[in-house]
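First comes the structure, then the notes that go with it.
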Amino acid sequence: MDLSKLRNIGIAAHIDSGKTTLSERILFYTGKIHQIIEVRSKTGAGPTMDSMDLEREKGITIQSAATHCEWKDWSINLIDTPGHIDFTVEVERALRVLDGAVMVLCSVAGVQSQSITVDRQMRRYNVPRIAFINKVDRSGANPDRVIDQLEEKLAHHPVLLTMPIGIEDRFEGVVDLLKMKTIHYKGASGEDIVEGDIPEHLLDEAKRRRNSMIERLSDHDDNIAEKFLGDEEISYDELVATIRKQTIALHITPVLVGTAKMNKGIQTLLDAVGMYLPSPTDIQNYALDRDRNEEKVELISDTTKPAVGLAFKLEDGKYGQLTYMRIYQGTMKKGDNIINIANGKKVKIPRLVRMHASEMHEIDEAAAGDIVAFFGVDCASGDTFTDGSVNYSMTSMFIPNPVIELSVSPKEKSGLNNFSKAMNRFQKEDPTFKVYRDEESGETIIKGMGELHLEIYIERIKREYNCEVVVGQPKVAYREAITKHAAFDYTHKKQTGGSGQYARVGGYIEPLPSDSPNNYEFENKIVGGVIPKEYIPAVDKGYQEMLNEGFLIGQPIVNVKANVNDGSTHAVDSSDLAFRLAARQGVKEALGKAGVVILEPIMKLETSSPEEFQGVIIGQINQRRGIIINTSIEASYVTVEAEVPLKEMFGYSSDLRSSTQGKGEFTMEFLKYSQVPRSVQEDIIKDYKEKLALKK
């Protein structure tokens with residue numbers, strides 16, 4: 001396969017921008033499917049990429065789905081990602097392994113809160129992107145406003161490549177500003193592309209827009225700038241080459257317009273994916289060489305080099321575990337032995353498949369640049385695999401921390417086996433889904449990114465494992481933090497028959513700066529060997545154990561720097577256990593003086609509704625201890641941005657719906673942890689103590 005013709009791309013956007021509808025059209029025009037099915041189809045069938053029953057019922061994408069298609073002479077590996085913030089890890093892991101992306105924006109709503117999140121994720125992995133302004137046929141559509149928002153809200157340098165012919169219900173096609181031709185999409189499903197000359201009434205606007213496109217490009221390319229200033233003709237090929245180069249360098253964002261639902265503009269977008277987004281050879285990917293002190297090594301998209309791949313997503317299908325892998329270097333064949341660098345285990349590749357949503361096609365080998373799936377390869381999300389000749393490890397994806405928890409248990413004792421199978425599988429598949437056992441209450445607690453996230457998993461336990469579950473009230477994942485420096489000096493002595501225990505640990509704890517990337521830092525300031533080196537890890541472990549147990553409400557204490565600077569030891573009675581216990585008690589003593597406070601998750605909330613409900617929305621947010629950050633009105637719709645404690649957000653969706661006649665909608669994502677007000681802190685501590693008393 002010619003690697004320069006391969007495109008690994010993802011489609012990402014705010015919820016309801018039309019990503020899945022767009023993916024469905026791409027599959028149709030590339031010949032992968034022969035019939036278009038809408039997201040909210042009345043037949044009960046769903047789009048190809050939404051293969052889970054739950055996705056079809058709710059009309060949302062829950063898991064990212066991968067497929068492979070061909071367009072002209074390009075091969076495209078395509079991943080459709082969810083838009084809902086609760087499934088943000090699906091976007092993270094897709095962007096970690098993709099070379100380029102299509103960012104879909106709604107022509108009416110423009111850049112929304114989730115668009116900002118997706119953009120931040122793309123920047124994290126340096127993913128070049130094209131923006132597609134969808135729904136240009138909708139009432140209130142305004143692509144120019146969306147382009148301005150791309151610049152203002154996201155700090156992009158948008159370059160418009162296609163101009164709409166007509167707008168809203170008069171939208172009929174686009175003008176290609178590079179070729180200066182009109183493009184109409186004829187036929188029952190827009191499959192016939194008809195190019196024509198630009199009509200007189202659109203010519204001036206097209207020239208003006210082409211001029212500003214070239215002006216934009218001249219900011220980044222000296223050759224274009226020279227010709228532009230000298231009024232020289234710039235050829236089509238020169239423009240394409242410049243746009244490609246500047247897109248891959250992340251200097252510009254090409255913008256195209258269309259409507260996926262009405263089948264207009266999609267083929268032009270596919271051409272742009274091929275022309276402007278990078279191939280695997282255009283992108284630099286790195287691994288860390290574990291044999292050379294984690295030195296950075298560039299991975300080359302070359303089939304003759306040692307094989308290196310990254311497992312970025314796991315799925316438990318009807319045939320066993322399916323592991324999605326991006327191959328960065330070398331070749332992997334059916335029957336090959338590969339090594340999981342995380343645990344050193346050797347695995348034989350039993351089956352190799354190319355995915356098309358939930359269908360799969362057997363293949364014998366996969367080479368550098370490809371995204372494929374393996375069967376029977378047991379691993380965790382983010383593990384690196386090599387052919388064994390190199391000891392390379394690739395950095396995993398960014399995993400946000402869960403902020404909400406629920407207690408769950410199987411309704412019947414007989415369901416316990418299936419229940420634990422489901423818990424193990426979901427934790428393996430989704431790094432933001434966590435399960436732990438509350439030792440005091442004996443309950444199983446699940447943690448996730450939001451109410452919908454956990455609701456989906458509870459529904460999946462019922463459906464996929466035939467296990468009814470009892471669900472407790474949702475709880476907020478609080479944290480604790482210290483506000484002051486506090487020193488301690490603790491001696492642990494225990495003398496019973498035989499050898500005793502002795503350890504003395506001195507040091508202090510203090511808060512880390514709020515912008516510190518770490519929740520915990522350990523500082524060893526022991527001089528003169530007053531605590532022997534071999535006991536220092538035990539001190540560190542004791543500190544961490546105590547901080548994880550919490551002080552006020554049994555929640556982990558974060559942002560702590562823990563120091564050890566003094567101590568003493570006994571020739572016979574000192575041990576790891578003695579130092580661990582001394583460190584625990586020392587920190588416990590210090591916490592009493594360190595001004596411990598409770599932190600709560602604060603969510604970034606964006607609510608929109610018709611303008612007449614503005615007062616109601618602001619009133620509801622204020623009642624929920626929210627802080628209004630910004631209010632904007634566009635096309636008689638008001639959008640209110642606020643920061644609200646998660647604790648106050650339970651039940652918000654039904655309140656909002658009932659007070660806005662069902663017209664209000666909101667999106668919410670985790671923003672930061674913040675100290676709770678004193679009165680609220682007292683209530684939380686009181687609740688915690690009452691629950692403890694009940695358990696006793």
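Side chains included, hydrogens not; waters and symmetry mates left out as well; all remaining heavy atoms used.
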Derivation of the side-chain contact (heavy atoms from CB on, under 4.5 Å) call for K348 and K346:
CA-CA 7 Å; K348 191 172 185 177; K346 186 187 269 192; over 6 Å; no
Got P158 and R216 here, is their nearest side-chain heavy-atom distance under 4.5 Å?
yes
Would you say the side-chain atoms of R351 pair up with the backbone N or O of F375, donor to acceptor, closer than 3.5 Å?
no
For N343, does the CG atom have more than 12 heavy-atom neighbours from other residues, nucleotides or ligands under 6.0 Å away?
yes
May I ask you to decide if K334's main-chain N or O and D364's side chain share a donor-acceptor pair within less than 3.5 Å?
no
Do the side chains of K305 and V390 get nearer than 4.5 Å, heavy atoms only?
no
Nearest 0.5 Å, what's the OG-CD1 distance between S23 and I11?
3.5 Å
Does H220 form a ring pair (Phe, Tyr, Trp, His ring centres under 6.0 Å) with H157? I'd like the steps, not just the answer.
CA-CA 10 Å; H220 302 283; H157 297 288; 5.6 Å; yes
So N424 and V435, do their side chains get closer than 4.5 Å, heavy atoms only?
no
Donor-acceptor under 3.5 Å (D430 side chain, T432 main chain):
yes
Looking at Q329 and L299, what are the two nearest heavy atoms and their distance?
OE1-CA, 3.3 Å
Taking all heavy atoms of T247 and all of P128, pick out the closest pair and write down the distance.
O-CB, 3.4 Å
Using a 3.5 Å distance criterion without hydrogens, assess whether the side chain of S301 forms a donor-acceptor pair with backbone atoms of G369.
no
Taking atom CG of D176 and atom CD1 of I183, what is their separation to the nearest 0.5 Å?
4.5 Å
Step-by-step side-chain hydrogen bond (donor to acceptor under 3.5 Å, both in side chains) determination, S235 to D237
CA-CA 5 Å; S235 75; D237 289 343; 5.5 Å; no
Would you say NZ of K434 has more than 12 non-hydrogen atoms from neighbouring residues, nucleotides or ligands within 6.0 angstrom?
yes
Would L105 and L150 count as a side-chain contact (heavy atoms from CB on, under 4.5 Å) if you check the C-alpha gap in whole Å, the side-chain angles of each, and the deciding distance to 0.1 Å?
CA-CA 10 Å; L105 297 159; L150 265 174; 3.9 Å; yes
With no hydrogens and no angle check, is any side-chain donor or acceptor of R7 less than 3.5 Å from a backbone partner on L277?
yes
Residue N466 excluded, over 12 heavy atoms near CG under 6.0 Å
no
Show your reasoning for whether side-chain hydrogen bond (donor to acceptor under 3.5 Å, both in side chains) applies to T268 and D271.
CA-CA 5 Å; T268 315; D271 288 344; 5.5 Å; no
Go through the structure and list residues passing side chain to side chain contact (heavy atoms under 4.5 Å, CB included) with N417, not counting sequence neighbours.
S420, K421
If every non-hydrogen atom of A368 is compared with every non-hydrogen atom of L3, which pair is closest and at what distance?
O-CD2, 3.2 Å
Identify the heavy atoms of T259 and V136 that sit nearest to each other, and give their distance.
CB-N, 4.2 Å
Minimum heavy-atom separation for G110 to S115, with atom names?
O-OG, 4.1 Å
Whether F426 and F433 hold their rings parallel, tilted or perpendicular, with breakpoints at 30° and 60°
perpendicular
Side-chain touch T444/F419, heavy atoms, less than 4.5 angstrom:
yes
With side-chain contact (heavy atoms from CB on, under 4.5 Å) as the test, would you mind laying out the steps for D383 and I341 before giving the verdict?
CA-CA 7 Å; D383 285 356; I341 297 297; over 6 Å; no
Side chains of Y392 and V297, heavy atoms from C-beta outward: is any pair under 4.5 Å?
yes
Output for pair (T30 OG1, L270 CG), nearest 0.5 Å, gives 7.0 Å
Chi angles and distances behind the side-chain contact (heavy atoms from CB on, under 4.5 Å) call for I266, F132
CA-CA 9 Å; I266 312 307; F132 180 68; 3.9 Å; yes
Can you tell me if K345 has over 12 outside heavy atoms packed within less than 6.0 Å of its NZ?
no
Distance from R120 atom CZ to R123 atom CZ, nearest 0.5 Å?
10.5 Å
Verify, without hydrogens or angle tests, whether N418 (side chain) and G415 (backbone) share a donor-acceptor contact under 3.5 angstrom.
no
Cation-aromatic face contact R326/Y328, 6.0 Å, 45 degrees
yes
So CG of D282 and CD1 of I248: to nearest 0.5 Å the spacing works out to 4.0 Å
Find out whether L288 and R290 are in side-chain contact, i.e. whether some heavy atom of one side chain is under 4.5 Å from a heavy atom of the other.
no
Does the side chain of D192 reach to within under 4.5 Å of the side chain of Y185, using non-hydrogen atoms?
no
Under 3.5 Å, side chain of R244 to main-chain N/O of M275, donor-acceptor pair present?
yes
Output yes when K153 and D119 qualify as a salt bridge under the 4.0 Å nitrogen-oxygen rule, no when they do not.
no
Okay, side chain of Q267, backbone of G190: is any donor-acceptor separation there less than 3.5 Å?
yes
Ring pair (Phe, Tyr, Trp, His ring centres under 6.0 Å) with H184: which residues, sequence neighbours excluded?
none
Considering residues at least two apart in sequence or located in another chain, which fulfil the side chain to side chain contact (heavy atoms under 4.5 Å, CB included) criterion with V372?
I327, L352, R354, I363, A366, D370, F374
Are side-chain heavy atoms of M103 and T253 found at a separation under 4.5 Å?
no
Enter the distance from F312:CZ to L98:CG here, rounded to the nearest 0.5 Å.
7.0 Å
Kindly check if the number of other-residue, nucleotide or ligand heavy atoms within 6.0 Å of CG (D73) is above 12?
yes
Minimum heavy-atom separation for M332 to V308, with atom names?
CE-C, 4.1 Å
